[in-house]
A.B. asks: 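Here it is, the structure, as structure tokens.
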Amino acid sequence: MFPLAHNYMAERMIAAAPGPFKRDFSPLEQQLVYVGSILPDFVCSMGFNRNLWHSQSAGFLQFCQGRGPEALALALGVRLHGDDGFGFDTFADEVWQGKMGWCFLQCLPYIPDVVLACNLPRSLALWKAHNMVEMAAELELAAAYPYLGPRLLAAVESDQVMDVLGKNLAAYSQSPAEPPKMRRVLRTMNERFSIQPTSAEDLAVKYLEQLAQRHQVEGGSPAELAALLKQIQRELKDKIWHWFDEVEKLLIAVWQNIAI
């Protein structure tokens with residue numbers, strides 16, 4: 001999922017308070033949960049292995065135990081992100097009701113239109129089409145909860161938050177200092193994601209820019225992609241909110257059994 005969705009689910013888990021979430025989080029600790037919940041999607045640019053941080057974040061959580069409530073809050077957010085059965089991406093990307101991840105299942109009817117709007121090669125079609133469902137969810141969340149984007153940007157701009165993050169990443173990686181690109185990577189996220197403001201047009205432009213930079217895929221149409229994102233948002237609207245509810249139930253069930 002994209003950043004707003006991860007922050008939204010983190011907020012719901014704090015409110016539901018299963019297992020180790022059953023505690024009073026200070027405002028700083030809440031910010032650390034939110035930043036932790038997006039961190040696995042940004043660690044590659046900081047020199048870490050993206051896949052390990054998605055599938056083996058239990059190690060970081062274990063490491064942060066005993067390092068204080070702020071480190072623990074950060075690690076809870078990180079673990080809540082991943083695809084190992086304890087994170088949101090498990091259900092978005094890996095498995096839903098015994099099949100592929102929910103976003104992949106929902107994107108299947110839209111693949112031909114995504115290919116045309118983005119000028120995609122066949123090898124990227126399914127992967128990139130599932131991003132369209134994720135972006136449709138971002139549009140829904142931004143419309144329903146307009147505070148999500150500003151809250152996330154405020155968290156990454158906080159020197160207190162970045163100090164805690166940098167200290168714990170340095171200790172975990174046995175480095176003498178925080179990753180040199182850490183603050184810049186997080187503080188420029190709005191250049192790659194449509195955090196604030198969030199719109200189909202902005203998402204489309206930034207997504208096509210990323211396709212060109214990461215995959216050398218050019219020739220997509222921002223207008224066609226924006227229109228497609230609005231269509232997917234409109235057609236999946238009710239399903240998205242129902243799915244969020246179902247995912248929260250599943251996450252609560254697994255987190256109830258985690259003792260820290």
Side-chain angles (χ1 to χ4, degrees), residues 1-11 27-28 30-54 57 60 70 73-75 77-78 80-82 88-89 118 127-128 131-132 134-139 141-142 145-170 172-173 175 177-218 220 222 225-226 229:
M1 297 302 290
F2 274 43
L4 297 186
H6 279 291
N7 269 239
Y8 173 66
M9 191 55 63
E11 179 183 82
L28 174 58
Q30 288 186 37
Q31 287 185 307
L32 286 161
V33 173
Y34 298 139
V35 171
S37 77
I38 65 166
L39 189 63
D41 282 341
F42 292 87
V43 293
C44 185
S45 298
M46 302 176 194
F48 298 107
N49 185 297
R50 176 198 177 277
N51 292 336
L52 287 179
W53 277 77
H54 275 76
S57 59
F60 184 65
E70 295 171 357
L74 171 66
V78 170
L80 190 59
H81 179 110
F88 197 3
D89 278 355
C118 298
W127 177 20
K128 297 305 179 182
N131 289 154
M132 304 302 134
E134 294 176 318
M135 288 191 282
E138 295 287 279
L139 290 171
L141 287 166
Y145 303 106
Y147 63 83
L148 287 172
R151 184 181 69 186
L152 177 56
L153 294 179
V156 298
E157 287 295 334
S158 165
D159 287 333
Q160 279 187 296
V161 170
M162 291 296 102
D163 288 346
V164 173
L165 175 59
K167 179 176 66 177
N168 284 284
L169 286 181
Y172 184 62
S173 61
S175 170
E178 69 180 40
K181 297 181 181 179
M182 183 195 79
R183 299 186 190 226
R184 182 180 62 81
V185 166
L186 289 171
R187 288 175 173 174
T188 58
M189 72 169 71
N190 208 33
E191 295 177 9
R192 298 179 298 283
F193 295 91
S194 191
I195 307 296
Q196 177 62 31
T198 304
S199 70
E201 290 76 15
D202 192 43
L203 280 165
V205 168
K206 289 175 177 175
Y207 194 79
L208 292 175
E209 289 174 349
Q210 289 298 305
L211 279 179
Q213 292 173 12
R214 295 178 60 191
H215 303 289
Q216 294 73 55
V217 173
E218 299 181 348
L225 182 55
L229 290 173

A.B. asks: Report the distance from atom CG of Leu74 to atom CD of Gln31, rounding to the nearest 0.5 Å.
C.D. replies: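 Answer for the CG-CD pair, Leu74 versus Gln31, is 12.0 Å.
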
A.B. asks: Might you work through the side-chain contact (heavy atoms from CB on, under 4.5 Å) test for His81 and Phe88, ending with a clear yes or no?
C.D. replies: CA-CA 5 Å; His81 179 110; Phe88 197 3; over 6 Å; no

A.B. asks: Is there side-chain contact between Gln216 and Leu211, with heavy atoms separated by less than 4.5 Å?
C.D. replies: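 Contact flag for Gln216/Leu211 side chains = no.
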
A.B. asks: Can you see whether Gln160 engages Asp163 through a side-chain donor-acceptor pair at a distance of less than 3.5 angstrom?
C.D. replies: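 Their side chains do not contain a donor-acceptor pair, so the 3.5 Å distance test is not met.
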
A.B. asks: Are Cys118 and Val217 side-chain neighbours, meaning at least one heavy-atom pair lies under 4.5 Å?
C.D. replies: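 Not in contact.
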
A.B. asks: Determine whether the aromatic ring centres of Tyr8 and Tyr34 lie less than 6.0 Å apart.
C.D. replies: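 Distance test on ring centres: not under 6.0 Å, no.
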
A.B. asks: Please report the closest heavy-atom contact between Ser199 and Leu139, naming both atoms and the distance.
C.D. replies: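 Where Ser199 meets Leu139 most closely, the heavy atoms are C-CD2, 3.6 Å.
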
A.B. asks: In terms of side-chain heavy atoms, does Tyr147 have a donor or acceptor partner in Gln196 at a distance below 3.5 Å?
C.D. replies: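 Short answer, no.
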
A.B. asks: Measure the OG-CE distance between Ser37 and Met1 for me, rounded to the nearest 0.5 Å.
C.D. replies: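 Answer for the OG-CE pair, Ser37 versus Met1, is 12.0 Å.
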
A.B. asks: Side chain to side chain contact (heavy atoms under 4.5 Å, CB included) with Arg50: which of Pro40, Ser45, Cys44?
C.D. replies: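 In the set Pro40, Ser45, Cys44, the residue that makes a side chain to side chain contact (heavy atoms under 4.5 Å, CB included) with Arg50 is Cys44.
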
A.B. asks: Do Glu191 and Glu209 make a side-chain contact, defined as non-hydrogen atoms from C-beta onward lying under 4.5 Å apart?
C.D. replies: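 When only atoms from C-beta onward are counted, Glu209 and Glu191 do not touch, as no gap falls below 4.5 Å.
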
A.B. asks: Does a side-chain heavy-atom distance below 4.5 Å link Leu229 with Met132?
C.D. replies: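 Yes, side chains in contact.
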
A.B. asks: Which pair of heavy atoms, one from Pro3 and one from Leu152, lies closest together, and at what distance?
C.D. replies: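 Shortest heavy-atom contact: CB-CD2, 3.8 Å.
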
A.B. asks: So which atom in Pro222 and which in Ala204 form the shortest heavy-atom distance, rounded to 0.1 Å?
C.D. replies: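 Closest approach of Pro222 to Ala204: O-CB, 3.5 Å.
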
A.B. asks: Nearest 0.5 Å please: distance from the CG atom of Leu186 over to the CG atom of Leu39.
C.D. replies: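 It comes to 6.5 Å.
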
A.B. asks: Nearest 0.5 Å please: distance from the CG atom of Leu52 over to the OG atom of Ser57.
C.D. replies: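 The OG atom of Ser57 is 10.5 Å from CG of Leu52, to the nearest 0.5 Å.
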
A.B. asks: Passes side-chain contact (heavy atoms from CB on, under 4.5 Å), Trp127 versus His215? Steps please.
C.D. replies: CA-CA 12 Å; Trp127 177 20; His215 303 289; 3.6 Å; yes

A.B. asks: Which heavy atom in Ala142 sits nearest to a heavy atom in Thr198, and how many Å separate them?
C.D. replies: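 Shortest heavy-atom contact: CB-CB, 3.5 Å.
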
A.B. asks: Are Leu169 and Glu178 packed together at the side-chain level, in the sense that at least one heavy-atom pair is separated by less than 4.5 angstrom?
C.D. replies: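 When only atoms from C-beta onward are counted, Glu178 and Leu169 do not touch, as no gap falls below 4.5 Å.
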
A.B. asks: Please walk me through it: do Val161 and Glu70 pass side-chain contact (heavy atoms from CB on, under 4.5 Å)?
C.D. replies: CA-CA 9 Å; Val161 170; Glu70 295 171 357; over 6 Å; no

A.B. asks: Could you report the tightest heavy-atom contact between Val33 and Ala10, atom names first, then the distance?
C.D. replies: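 Here Val33 and Ala10 meet closest at CG1-CB, 4.0 Å.
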
A.B. asks: Give the intermediate values and the outcome of side-chain contact (heavy atoms from CB on, under 4.5 Å) for residues Ile38 and Met189.
C.D. replies: CA-CA 10 Å; Ile38 65 166; Met189 72 169 71; 3.3 Å; yes

A.B. asks: Would you say the side chain of Lys206 lies within less than 4.5 Å of the side chain of Arg192, judging by non-hydrogen atoms?
C.D. replies: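 Not in contact.
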
A.B. asks: With rounding to the nearest 0.5 Å, note down the distance linking NE2 in His6 to CG in Leu80.
C.D. replies: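 Between atom NE2 of His6 and atom CG of Leu80 there are 8.5 Å.
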
A.B. asks: Name the one of Phe42, Phe60, Trp53, Tyr172 that satisfies ring pair (Phe, Tyr, Trp, His ring centres under 6.0 Å) with Phe48?
C.D. replies: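 Going through the options one by one, the only one that passes is Trp53.
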
A.B. asks: Measure the spacing between OG of Ser158 and CG of Leu28 and express it to the nearest 0.5 Å.
C.D. replies: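 So the gap between those two atoms works out to 6.5 Å.
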
A.B. asks: Which heavy atom of Val156 sits nearest a heavy atom of Met162, and at what distance?
C.D. replies: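 In this case the closest contact between Val156 and Met162 is O-CG, 3.5 Å.
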
